[in-house]
Every structure is written in C-alpha cells, then in structure tokens.
Amino acid sequence: MSVVVRTVSRVVAPVALAFGAYVIMHGHLTPGGGFQGGAVVASVVALLVVAFGAERWRKWTHALLPLEDVGAMAFVILAFLGLGATFFRNVLAGSGGLFGAPVPRLGPNPGALNTAGTLPLMNWAVGLKVIAGLGAVVILLSLFGREDG
Amino acid sequence: MGNMPFVVSMLLVAIGFLTLIARRNLIKLAIGISIIEMGVNLFLVSLGYVRGGIAPIYTYAPPEAKTMVFPTPQALTLTAIVIGLATTALMLAFAVVIYRHRGTLDAGKIRELRG
Amino acid sequence: MKRWLFAAALLVLAGYLLGGSAWLRPFGGPIRSEMDRYFIENAQAEVAANNVVTAIVFDYRGYDTLGEATVLFAAVVGVVLMLRKVKG
C-alpha cells in the first residue's frame, strides 16, 4: 500500500497490540478476555498484512502454528490442575499464592489483578491460541493464489 | 411492541435465509450464514436482558444498581461467536480452494454443489 | 418452479420466526433464573473474579470452552491443510 497507509499502520499497530494485551490481561476484571483480546491482536496481523503485503509474513506461519498448539496444551494442562477434585476445578482461587487473593470486598469494588485463580492464566492460554490461530488463518488466506502458493 | 429486539434479530435471521436462497455466489452464501449467526447471537443476548440491569461485572459497578443482566446467555453467546468465526474462516477457505480448482464461485455451475 | 417453492418456504419461515418472536415474553422481563442468580451471587466468593461472564466461561462451564477451543483448533487445522503450499 501507499506510504500513508504504512506510516499510519506503524503508529496504530503498537497501540492496538497494547490494547489487545490489556483486554486479555484484565479479562477477569473488565469486559473482555482471551477470545476478545486475541481477536484484537489478530486484527493487528490483518492490518500488517494489508499494509506491508502478505509475502513478508509468510515465515510467520511456521512460528504461529506451533504457538497455537502451545496455547491449547496450556489450556488443557491448566484444566487438569484441578483433577484432585474435578476437571476444571479452580485450585488457585483463594489459595493465597499466584492469583490467589480474594476479591477486595464482595459487591462493587475497584478490582485487583491478583485474583481469580486460574482464570487469568486460562485467558492467556486461550488468547495465545486465538492470536496464533487467527493470525495464521489471515496470513494463509491472503497468501493463497500467489504463483508460489 | 414490547419485544422489538427479538423481532429485529429474527428479521436478521430471515434476511440471512433470503440471502441463502437468492444468491449463488459462495462468498455471498458465507455472508448470509454470518448474518444468520449474528441474528441468533443478538437473540440470545437480548433474551437475558433484565430491565434496569447492569453488565454482570463487579469492577466499579454503580452501587445503586439493584439487578444484573443474566450472565449465562452472554457466556454461551461468546462461545457461539468464536465457533461462528471458525466456521466462517473454514467456509472462506473452501471458497478460495473451489475458485482455484474450478475458476468460478457460482454454486450453480459447480456440479458437485448443485442442490 | 423451484425458486417459487423456495420463496414460499422462506415466507412461511419468516412469518413463523417473526410471529413467534413477537409472542415471546416481553423484552427485559425474563423468567427468574435460579442458575443465573447463583452465578451472580457466588462468583465473587467462589471464583474470586469480578467478571461473572469470565467466571462462567472458564470455571462453571469450562467444558463448553474446551469444546469451543477444540472447534477453533479443528477449523484452523482445516484451513492450514487446505491452503498450505503443496509440494510438487
């Protein structure tokens, strides 16, 4: 695309990346979560593909596809953590360790990032999965039909 | 009309079905299926609305609010949106592959897809 | 002939959908749901999450999310299998 589009996308892409990371990271406190933030970051991939051409992102797919498997495996392993009680048991919530703090007070509260047990970790796993999967799909769809396909 | 949101979402579903039977282009069929998904998602979310309710999130919730919107339809709609996204990606990939092999996107001209 | 049949079927379906949605319970006044009330009241104490929707998606109804992740994975694998570079 033209130099205007490339310059604007250079400015917008880091901001959108930060916003996607915020949406994933605060999924247990504010509207959002792994899927939504992952979709935001995948839209950054689409922006880069539109602005800079799909050809230079081809080798990213080799890195993105294993990343999706890593996200899926992390999600299942986090679910297996609670197998002492049941599958998907939230063992970290209220344990006092990582993400184990209780909510500041019941009812409306300002929220604390160190709460909700396995939920933030699962948000990150699912976010990684959605980023990698949708990014790879966007790059592959835009690459298809070229001479070297 | 007390339940205009339901009517509007079902109108979206009807528009999607109209697209499915009136158009032959595979991309437009994918668009029609996406419109049906959007109608169903809107219907599910509006089913869980409680009058005067706030979003089911406690972070900086207004303390004077008494009720919250039902959270379960929202969670299931989140699931439905992601599955719709996956099926849309798969449909578009099928359309691209069919165009490359047959040179056309017209579902009436592709013998294996003729209904 | 076939197209007229399709158009008639669409009219019947659209009438059914629109009429049925117009006769539902009024918007904003759903039946009191014990499950949703439990989620809203106990999500902060049990899951320690302020966002009740995330608590449902990843804790109470985690199996749904597992199936959803499986569907997304299968779709991505299908797209990659169809669109990858074919050798030879």
Side-chain angles (χ1 to χ4, degrees), chain B residues 1-15 17-18 20-22 39 43 46-53 55-61 67-94 96-98 100 115, chain C residues 2-3 5-7 9-11 13-33 35-41 43-44 49-61 64-65 67-83:
Chain B
M1 288 299 280
N3 43 16
M4 191 54 90
F6 301 148
V7 177
V8 171
S9 53
M10 281 304 133
L11 195 64
L12 269 180
V13 173
I15 288 172
F17 275 116
L18 174 65
L20 285 190
I21 69 166
F43 182 69
S46 56
L47 269 182
Y49 178 70
V50 180
R51 191 171 300 282
I57 291 167
Y58 282 103
T59 308
Y60 290 119
T67 57
M68 279 187 172
V69 169
F70 285 176
T72 314
Q74 298 198 7
L76 296 187
T77 306
L78 177 60
T79 309
I81 287 174
V82 176
I83 290 176
L85 188 69
T87 52
T88 305
L90 205 57
M91 280 189 293
L92 290 178
F94 269 122
V96 166
V97 169
I98 284 175
R100 187 170 205 193
Chain C
K2 210 167 165 184
R3 292 186 74 83
L5 205 63
F6 274 141
L10 177 73
L11 275 181
L13 181 69
Y16 180 73
L17 289 175
L18 295 179
S21 57
W23 279 93
L24 282 174
R25 284 180 68 86
F27 177 66
I31 299 175
R32 186 178 155 82
S33 164
M35 180 177 66
D36 290 290
R37 194 180 56 80
Y38 179 84
F39 287 157
I40 288 175
E41 286 177 357
Q44 274 189 315
N50 274 342
N51 190 340
V52 184
V53 177
T54 305
I56 291 174
V57 166
F58 286 116
D59 192 292
Y60 291 115
R61 286 179 171 261
D64 277 355
T65 309
E68 172 191 10
T70 311
V71 168
L72 186 65
F73 179 74
V76 171
V77 167
V79 171
V80 170
L81 278 181
M82 274 191 285
L83 299 186

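Values in this document were obtained by computation on a predicted structure and should not be read as measured data.
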Does the side chain of C:Leu10 come within less than 4.5 Å of B:Leu18's, by heavy atoms?
yes

With chain C as the partner, which of B:Ala14, B:Ala93, B:Pro71, B:Ala86 has the greatest number of non-hydrogen pairs under 4.5 Å?
B:Pro71

Give me the atom names and distance for the closest heavy-atom approach of C:Val79 to B:Ala89.
CG2-O, 3.9 Å

Can you tell me how far the OG1 atom of B:Thr72 sits from the OH atom of C:Tyr38, to the nearest 0.5 Å?
12.5 Å

With side chain to side chain contact (heavy atoms under 4.5 Å, CB included) as the test, would you mind laying out the steps for C:Met82 and B:Val96 before giving the verdict?
CA-CA 9 Å; C:Met82 274 191 285; B:Val96 166; over 6 Å; no

Are side-chain heavy atoms of C:Ser21 and B:Asn3 found at a separation under 4.5 Å?
no

Using non-hydrogen atoms only, which part of B:Val50 is less than 4.5 Å away from chain C: side chain, backbone, both, or neither?
both

Would you tell me whether C:Asp64 and B:Thr79 have side-chain atoms, one donor and one acceptor, within less than 3.5 Å of each other?
no

With under 30° as parallel and over 60° as perpendicular, where do the rings of B:Tyr49 and C:Phe27 fit, or are they tilted in between?
parallel

Begin from the C-alpha positions of C:Asn51 and B:Thr59 and carry the test side chain to side chain contact (heavy atoms under 4.5 Å, CB included) through to its verdict.
CA-CA 7 Å; C:Asn51 190 340; B:Thr59 308; over 6 Å; no

Select one option (side chain, backbone, both, neither) describing which atoms of C:Ala43 are under 4.5 Å from chain B's heavy atoms.
neither

Kindly indicate whether the side chain of B:Phe6, heavy atoms from C-beta on, has any atom under 4.5 Å from the side chain of C:Leu17.
no

Between C:Leu72 and chain B, which part of the residue has a heavy atom less than 4.5 Å away: side chain, backbone, both or neither?
both

Largest heavy-atom contact set with chain B, pairs under 4.5 Å, which of C:Val57, C:Ile40, C:Thr65, C:Val71
C:Ile40

So what's closer than 4.5 Å to chain C heavy atoms on B:Leu76: side chain, backbone, both or neither?
side chain

B:Val69 versus chain C, the contacting section by heavy-atom distance below 4.5 Å
backbone

Identify which part of C:Phe39 has an atom lying under 4.5 Å from any heavy atom of chain B, answering side chain, backbone, both or neither.
side chain

How long is the straight-line distance from CD of C:Glu41 back to CE of B:Met68, given to the nearest 0.5 Å?
10.5 Å

Is C:Leu11 in contact with chain B via its backbone, its side chain, both, or neither, using a 4.5 Å heavy-atom distance?
neither

Please rank C:Val76, C:Thr54, C:Ile56 by heavy-atom pairs under 4.5 Å with chain B and give me the top one.
C:Ile56

Over all heavy atoms of both residues, which pair between C:Glu68 and B:Leu78 is shortest? Give the atoms and the distance, please.
OE2-O, 3.7 Å

Check: C:Asn50 side chain, B:Tyr58 main-chain N or O, donor-acceptor pair, under 3.5 Å:
no

Per-residue contact mode, B:Phe94 against chain C (heavy atom under 4.5 angstrom)
both

Determine whether C:Arg25 and B:Leu47 make a side-chain contact, defined as any pair of heavy atoms from C-beta on separated by less than 4.5 Å.
no

